[in-house]
Amino acid sequence: MITRTALAAALLLVAGCSPLRLLEPKQKLLSRIRLEGVQEADADRIAALYQQKPNSRFPLPKLTIYQLGNRFYNKERLVAKLQRIRTEFDERTQAARPDSVKVGKLLVRREKRTRRLQLALDKGNAIMRLGEPPVVYDSTLTARTVEQIGTFLKSEGFFRSKVAATDTVVDRRFSIGHMFAGPDTVHNRRVTVTYRISENQPFHYSQLDYDIADSAVARVVLAGQSASLLHVNDRYNESVIGQERSRLETLLKNAGYFDFRQQYITLEADTSFAPATVRLRTIIADPAPGEQHQVYTVRRVRFITDAGTVRFGVKRDTLVRDSVYYLSFKQRFSTKILDRKLTVRPGERYSLQSTLLTQRQLSDLDMFRFNTVTYNKIRPVGGDSISNRGQLIATVNASPTKKYQETTEFGGTYVAGLPGPFINFRLKVRNIFGGAEVLELGLRSGFEGQFSSLGLQNKSVLTTQLGANANLVIPQFLVPWRANRFLTRYNPKTRFSTSFTYVDRPEYTRTNLEATYDYIWQRSVFHQYVLTPLDLSVIYTPKRDSIFNRTLEVLRDSLGSPLFRSFGKLFVPSMNFTSLYNSNDFTQTRDARYLRLFVEVGGLTRSLYQDNISLDVYDFAKVSADYRRYHKLGPKSYLVYRLNTGLAHALTKTDGVYTIPYDKYFFAGGSSSVRAWRPRRLGTGGYTTYKLNSDGTNRIDEATGQPIRDYDLEQPGEVLIEGNVEYRFPLYDFINGALFTDFGNVWTLQEPEDKRNEAIFRLNRFYRQFAVGSGIGIRFDFTFLILRLDVATKVYDPTAPGNKFVLPNFRLAKSPNQTAFNLGIGYPF
């Protein structure tokens, strides 16, 4: 009886919690929009024209959240509190006069206290602002939407289309209130709007003509006709016509027509010839009757390298190189380097493309805060209006940035249950040798908690990390032959880099000295190449704990683990090539693509010196590909997916085994990989790793009698396949959310004596060995910095003994090896 009473009370409570109770009398809630009849038109662009849209339900029910906040909202109390605060501060301000300092402080405090209350009055409390107020249906907005859809369809070539809208009050949702509700109750106020479209036959281009009075302009346009965006038999589209007008304007500006504007271009459509066809004529008018468009030539180029600097009574010095005038109060930059970045040259026709390229190349130098290229027409002198006609003076204004730029970062990490403070110091020195070079120096020091790499302890260990690096970037290729000016459009750079890393852990002390020599150039704004003909690193482990050594040997003998080779004396020479295409920005707010291809070959010459040095050398080859796709679904919502693959293998055997340097292996797991696994701990394949005794046997749990799994051992692999799918959406102001699923694993290509057969990559089973994890994330977007917290749990663990579907093991606080928390800076991919 009590149960039935409680159930009835709960049902009545649910009936009274309908968000429709937020509506005023005679108001209706816009519940759903349906679009019918769309076959060829773009349904997404039509949906963007809706003047009203229902409350968002995914990924969060915004209206329900708003209703929840409304239960704690008391407008009268807020008004009274706001009035009380204002009265209080008015009295205190009056008493503080004539002390202007006290009055100013009181005004600032009043503004802070009243701002929050005024925001709550205008937009509701914090919970209400996380949600959305109910969308009250407005039939006038529906009529306006019908008009806009009709206009859009005609602009897309559907000249005979028709649009109609119907609104129906239907509530098919189950509610206990329906059992007692009449036709006009609050439970019958949900409106469904249906837009019905009849496209009818669209119009296509049957003929494309040109009417250009200026013969010189006509020659330029017809020569570039192959790049036209308009083609016979294409459907009429006004947006494409607008793009074609922009293309023609740019085409003519690149041909020297400095004064040309889109206003001279008209495209006339004639639909009177054949049914559902359009004859489109492109008309380019003259600037005035009897007057032709003027082609402009750059007569002189002036380059001011210290624009914005003012010294009264002092004139700038002038240097001339290759007919370009370089002006500065003090010549600090090599005119040879600057001259190579100038694509605006004296005696050449004006070109918008050259202008933009010059600006981009000067910006890439990282020497100037800003730069602009302006043009002035040469005025007639002494009544001579012919000789100076069509002549321009180009002025490059470049304002230099600071020569020295230092950055100091203090912070901390929380890894493996231990806090770790760190400090980073970076110094950038620009134009250090006068040739627009950039020297970057860095120092870093810190402590970081880490899980014991070999499970030597049951708790985490605190490591000391020290490092230093130096990079010198030269804005040209250093090659034994004379570089052609043609190469400057690819923004060539040469980079010398060196770094030193020192790691001190209870188990060992390890150092890594690395030096690289790189050539960097850009195919386009989004596409960059890096060729590294020389990459040298020396790895040395001066101290190793005796127990640590014994454990390395046990892992080598029992599992064939290559980890012991990482703690010897290694010399790793290699060369590599990287192709990076990225059309996104730092904050990842574009519909974009990302593709990184990497190839590396090392140790090819080891036979020449292997016997003469006391360092181990391995030869190897490594390739990897990382593809990412960013689909922009809305202003701040995105669907992102990624596929990352790689293959690494030795070219010849060392001591009878194909071995590569440990740092060249692939690893999976971590904040930018499969996030439900700890960093570098996923894999390998379907092989289960257990903790080992000193004799190489499995360690047994006394309570269960079963072997103890080892979650702390790093899992290197020679084959990597991993992928991610992530939905990103806004939550509140600068807080964004994410839902994600990750999959992947690493495998070996060969195992000594088949000790770990399940770890080997096999075509007939690898797809069954993908680890899968899912989770949610919170991102705090501060524009200049993005903080990220991801919580992921294992769904399918291919290395788990017995049942590999491990999602039922999820416990947020009591499953340390089932759920992982990842805290990072920036997006994971």
Side-chain angles (χ1 to χ4, degrees), residues 56-61 415 582 584-596 625-646 666-683 720-732 734-746 767 769-781 785-798 800 804-812 815-829:
S56 174
R57 301 189 185 97
F58 182 82
L60 296 174
V415 181
N582 183 14
N584 217 327
D585 54 10
F586 168 74
T587 54
Q588 297 191 4
T589 57
R590 298 176 180 168
D591 191 283
R593 290 177 173 83
Y594 174 102
L595 177 62
R596 181 181 184 271
D626 185 356
Y627 177 75
R628 308 170 190 178
R629 183 70 172 92
Y630 305 85
H631 288 282
K632 190 170 185 178
L633 305 179
K636 291 186 177 180
S637 59
Y638 305 86
L639 177 64
V640 182
Y641 57 85
R642 172 195 186 214
L643 180 63
N644 184 27
T645 62
F666 292 105
F667 297 88
S671 62
S672 297
S673 180
V674 184
R675 282 163 278 188
W677 274 259
R678 296 193 332 229
R680 303 163 74 96
R681 265 66 179 181
L682 172 56
L720 167 69
I721 302 177
E722 66 179 3
N724 315 80
V725 179
E726 182 168 297
Y727 173 64
R728 301 171 183 172
F729 52 89
L731 283 177
Y732 173 71
F734 63 92
I735 303 176
N736 299 320
L739 301 174
F740 58 83
T741 295
D742 309 323
F743 69 91
N745 209 333
V746 293
Y767 55 89
Q769 296 176 331
F770 282 133
V772 180
S774 296
I776 60 175
I778 300 293
R779 286 90 164 94
F780 300 91
D781 188 351
L785 177 68
I786 297 174
L787 296 179
R788 168 171 53 91
L789 172 63
D790 291 330
V791 181
T793 188
K794 298 175 182 177
V795 176
Y796 183 85
D797 184 359
K804 302 183 184 303
F805 183 71
V806 295
L807 183 59
N809 300 335
F810 171 72
R811 301 291 185 276
L812 186 60
S815 54
N817 297 313
Q818 168 69 25
T819 304
F821 294 82
N822 296 281
L823 182 64
I825 297 177
Y827 288 101
F829 47 85

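No experiment lies behind these values; they were computed from the predicted model shown.
Proximity of N736 to R728: side-chain heavy atoms (C-beta onward) are nowhere separated by under 4.5 Å. Proximity of E722 to F770: side-chain heavy atoms (C-beta onward) are nowhere separated by under 4.5 Å. Side chains of R642 and N644 form a contact here, defined as non-hydrogen atoms less than 4.5 Å apart.
Contacts classified as salt bridge (Lys or Arg N to Asp or Glu O under 4.0 Å) and involving residues 785-797 (residues at least two apart or in different chains) are given here: R675-D790, R709-D797, R779-D790, R788-D790.
Considering OG of S671 and CG of L823, their distance stands at 9.0 Å, rounded to 0.5 Å. Separating the OG1 atom in T645 from the CG atom in L720 is a distance of 7.0 Å, to the nearest 0.5 Å. In this structure, CG on L639 lies 12.0 Å from OH on Y630, to the nearest 0.5 angstrom. The CG atom of D781 lies 7.5 Å from the NZ atom of K636; values are rounded to the nearest 0.5 Å. Between atom OH of residue Y638 and atom CZ of residue R629 there is a gap of 12.5 Å, rounded to the nearest 0.5 Å. Within the model, atoms CD of E726 and CZ of F829 stand 4.5 Å from one another, a figure rounded to the nearest 0.5 Å.
Here the shortest heavy-atom pairing between T589 and N584 reads N-OD1, 3.4 Å. Taking every heavy atom of both residues into account, G777 and F740 meet most closely at N-CE2, 4.1 Å. When all heavy atoms are compared, the tightest approach of K804 to P798 is NZ-O, 3.1 Å. Of all heavy-atom pairs between G773 and A676, the closest is CA-CB, 4.0 Å. Nearest heavy-atom pair, Y796 versus W677, reported as atom, atom and distance to 0.1 Å: O-CH2, 3.5 Å.
Cation-pi check for R678 over F667 is not met; the charged atom does not lie both under 6.0 angstrom from the ring centroid and within 45 degrees of its normal.
Among residues two or more places apart in sequence or in another chain, the ring-ring contact (aromatic ring centres under 6.0 Å, His included) test is passed with F729 by Y727.
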Set out, in order, the CA-CA distance, both residues' side-chain angles and the distance that settles side-chain contact (heavy atoms from CB on, under 4.5 Å) for I778 and L731, then state yes or no.
CA-CA 9 Å; I778 300 293; L731 283 177; 3.8 Å; yes
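Using cut-offs of 30° and 60° on the angle between ring planes, the pair F780 and F734 is tilted.
Annotation: L633, atom CG; neighbour count of heavy atoms from other residues, nucleotides and ligands within 6.0 Å is above 12.
The only option from N745, D742, V746 that meets the side chain to side chain contact (heavy atoms under 4.5 Å, CB included) definition with L682 turns out to be N745.
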